[in-house]
Number of protein chains: 2
Amino acid sequence: MAAPPPPADADPRVEALVHDLIGRVADKWTMLVLEILEERGELRFTELSRSIGTISQKMLTQTLRHMERDGLVIRTVHPVVPPKVEYRLTELGQSLGAAFCGVWIWAEQNLAAVEKARETFDGPLPSEG
Amino acid sequence: MAAPPPPADADPRVEALVHDLIGRVADKWTMLVLEILEERGELRFTELSRSIGTISQKMLTQTLRHMERDGLVIRTVHPVVPPKVEYRLTELGQSLGAAFCGVWIWAEQNLAAVEKARETFDGPLPSEG
DNA sequence: TGTCACGCTCTCCTTTTGGTAAGTACAAAT
DNA sequence: ATTTGTACTTACCAAAAGGAGAGCGTGACA
């Protein structure tokens with residue numbers, strides 16, 4: 001398991017697969033679920049739903065299934081009468097969360113810069129000439 | 001510009017804005033353009049198009065406009081006869097690229113793990129019982 | 001005269017995304 | 001008997017994403 005240190009993308013095949021994987025994983029809902037499970041540990045379906053707030057049941061189910069399929073979360077079903085299902089991150093999921101951490105930090109630190117850039121871009125239009 | 005070191009998300013308002021920003025920036029095409037411009041520097045429209053390979057003109061234009069609006073790229077128009085437009089990352093864009101670097105590395109290193117997880121998830125279905 | 005190249009823009013079309021609402025199963029509570 | 005709560009699933013519908021292809025302006029080049 002000697003992980004090669006540099007991010008060198010040698011093969012174009014690998015690069016294509018990586019692009020594909022990124023496309024799947026860089027999903028809005030996936031990132032949100034990842035962050036919440038990382039912060040709060042093991043959560044039930046409705047707890048997760050309430051934590052995100054704006055997600056529909058359908059999307060949450062779908063997102064969780066995809067994450068489970070990709071080995072990012074573990075789904076534990078307790079065979080009790082009102083269904084109880086708990087979700088938590090795998091090690092793989094935790095490592096992805098850690099990788100995305102840099103992006104969260106970037107977003108927090110550069111939020112103002114982005115908004116200012118937008119104002120500059122949008123603003124000058126009406127009084128141009 | 002004394003950047004606060006910890007990723008502490010104090011306000012829920014900030015968090016909402018960050019979620020929003022992440023949703024915009026964690027876009028498949030944005031990430032691809034970001035990576036390519038980071039690697040290759042300043043590129044023309046068609047060079048960018050060919051580098052990505054699978055993107056349509058429409059999406060490339062759209063992605064670049066959004067990135068320009070968000071202050072991630074600079075668009076330089078040379079008023080020559082066959083139009084010549086060059087794109088390069090701003091410092092903000094470069095910093096986002098750096099932040100996403102961790103995700104690329106994660107994807108490269110864990111590609112096999114994800115694929116194996118998928119096989120495990122998909123495989124056992126037919127012979128279950 | 002005609003064609004090509006570039007960086008778009010526009011229209012038309014299909015696919016994907018995502019929301020709403022209803023249904024399911026079952027036991028405990030009312 | 002009816003309601004409640006959970007974690008879905010399904011059907012249906014609207015909106016957005018995204019691809020294909022045509023058009024534009026123009027100057028060099030054949």
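Lettering of chains follows the sequences in order, A, B, ..., and the numbering in each one begins at 1.
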Atom CG of B:Leu60 and atom P of C:dC8 are separated, to the nearest Å, by 8 Å

Testing D:dC8, D:dA7, C:dT20 for proximity to the side chain of A:Pro83, the answer is D:dA7

*Are A:Thr61 and D:dA7 close enough that a side-chain N or O sits under 4.0 Å from OP1 or OP2?*
no

ask   = Can you check whether A:Arg44 has a side-chain N or O nearer than 4.0 Å to OP1 or OP2 of D:dT6?
value = no

Winner on side-chain proximity to A:Gln57, out of C:dT9, D:dC8, C:dT20, is D:dC8

Atom CZ of A:Phe45 and atom P of C:dT24 are separated, to the nearest Å, by 19 Å

Close side-chain approach of B:Thr90 to B:Val73, heavy-atom, < 4.5 Å: no

Testing C:dG19, D:dC8, D:dA7 for proximity to the side chain of A:Thr46, the answer is D:dA7

Short side-chain N/O contact to C:dC8 OP1/OP2 from B:Arg75, under 4.0 Å
yes

B:Lys58 NZ to C:dT14 C1', in whole Å, measures 11 Å

task = Would you mind reporting whether B:Val77 and B:Lys84 have side-chain heavy atoms less than 4.5 Å apart?
result = no

Ranking D:dG5, C:dG18, D:dG19 by distance to the side chain of A:Met59, first place goes to C:dG18

In whole angstroms, the gap separating C1' of C:dT20 from CD1 of A:Ile55 amounts to 15 Å

The answer to which of A:Thr54 and A:Val81 contacts DNA chain C further toward the 5' end, by nearest nucleotide, is A:Thr54

Separation of C:dC8 atom P from B:Leu48 atom CG, nearest Å, is 10 Å

Can you confirm whether B:Leu60 sits close enough to B:Val33 that some side-chain heavy atom of one is under 4.5 Å from a side-chain heavy atom of the other?
yes

Any side-chain heavy atom of A:Leu37 within less than 4.5 Å of one from A:Leu43? yes

Separation of D:dA17 atom P from B:Asp27 atom CG, nearest Å, is 9 Å

**Message:** Looking at B:Arg65, I'd like to know whether one of its side-chain N or O atoms comes within less than 4.0 Å of OP1 or OP2 on C:dT9.
**Reply:** yes

Whole-Å distance, B:Leu64 CG to C:dC8 C1', equals 11 Å

Nearest heavy-atom contact between B:Ser51 and B:Arg40 is OG-NH1, 2.6 Å

By nearest-heavy-atom nucleotide on DNA chain C, the more 5' of A:Gln62 and A:Pro82 is A:Gln62

Rounded to whole Å, the NZ-P distance (A:Lys28 to D:dA16) equals 12 Å

